[in-house]
Amino acid sequence: MSYADDLAEMITDLPVNYTIGATTYTGAVNEITKGQDAGDGGFLDDFDLTLIGKKADHSSLPAIGSKMTVDSQSYRIERITTTPGDGAEVRFDLMSADR
């Protein structure tokens with residue numbers, strides 16, 4: 001079994017839809033951090049997560065700083081990482097768009 005097969009199985013077992021622009025993809029969430037961040041006028045909900053997708057699903061990767069929606073929550077892309085070699089995986093490190 002290849003890593004691409006493992007990735008596909010993980011996404012099948014733990015699917016989450018995410019939208020970049022007008023396109024919706026299916027991936028899996030690796031890590032979620034929730035809390036509150038002090039901001040002007042009080043505390044704001046703060047959500048951060050790492051989302052894993054199939055690199056082959058993306059004809060091109062979005063720019064750092066662009067927005068993505070995951071389960072109706074808006075996030076800003078802070079970092080994009082791809083796996084070396086086969087390039088099967090793309091990881092998006094996301095920060096709540098409210099920050």
Worksheet item: Minimum heavy-atom separation for Met68 to Ile77, with atom names?
Response: CE-CD1, 4.0 Å
Worksheet entry | side-chain contact (heavy atoms from CB on, under 4.5 Å) evaluation trace for Leu61 with Thr82 | CA-CA 10 Å; Leu61 295 175; Thr82 58; 4.0 Å; yes
Item to complete: Search all heavy atoms of Ser96 against all heavy atoms of Gln73 and return the closest pair with its distance.
Response: OG-NE2, 3.9 Å
Discussion item. Using only atom types and a distance under 3.5 Å, with no angle test, would you say the side chain of Ser66 pairs donor to acceptor with the backbone of Pro62?
Written reply: no
Practice prompt. Kindly compute the distance separating OH (Tyr18) from CG (Leu49), expressed to the nearest 0.5 Å.
Written response: 12.0 Å
Response to the item:
Between Thr50 and Arg91 the two heavy atoms that sit nearest each other are CG2-NH1, 4.3 Å
Practice prompt. Could you tell me which non-hydrogen atom of Ile80 sits nearest to which non-hydrogen atom of Phe92, and how far apart they are?
Written response: CG1-CD2, 3.8 Å
Discussion item. Leu7 vs Glu9, test: side-chain contact (heavy atoms from CB on, under 4.5 Å). Steps then yes/no.
Written reply: CA-CA 5 Å; Leu7 177 63; Glu9 186 175 327; over 6 Å; no
Item to complete: Check the pair Tyr25, Asn17 against side-chain contact (heavy atoms from CB on, under 4.5 Å), reporting the backbone distance first and the verdict last.
Response: CA-CA 6 Å; Tyr25 306 91; Asn17 290 325; over 6 Å; no
Discussion item. Can a side-chain donor-acceptor contact be found between Thr24 and Thr19 if the only test is distance below 3.5 angstrom?
Written reply: yes
Discussion item. How close do Arg76 and Gly65 get, counting heavy atoms only, and between which atoms?
Written reply: CG-O, 3.4 Å
Worksheet item: What is the minimum heavy-atom distance between Ile52 and Glu89, and which atoms define it?
Response: CG2-CG, 3.6 Å
Practice prompt. Let me see the working for Thr26 and Val16 under side-chain contact (heavy atoms from CB on, under 4.5 Å), right down to the final yes or no.
Written response: CA-CA 6 Å; Thr26 302; Val16 63; over 6 Å; no
Discussion item. Looking at Thr69 and Ser72, would you say the former's side chain and the latter's main chain have a donor-acceptor pair under 3.5 Å?
Written reply: no
Worksheet item: Looking at side-chain heavy atoms only, is the closest gap between Arg79 and Leu94 below 4.5 Å?
Response: no
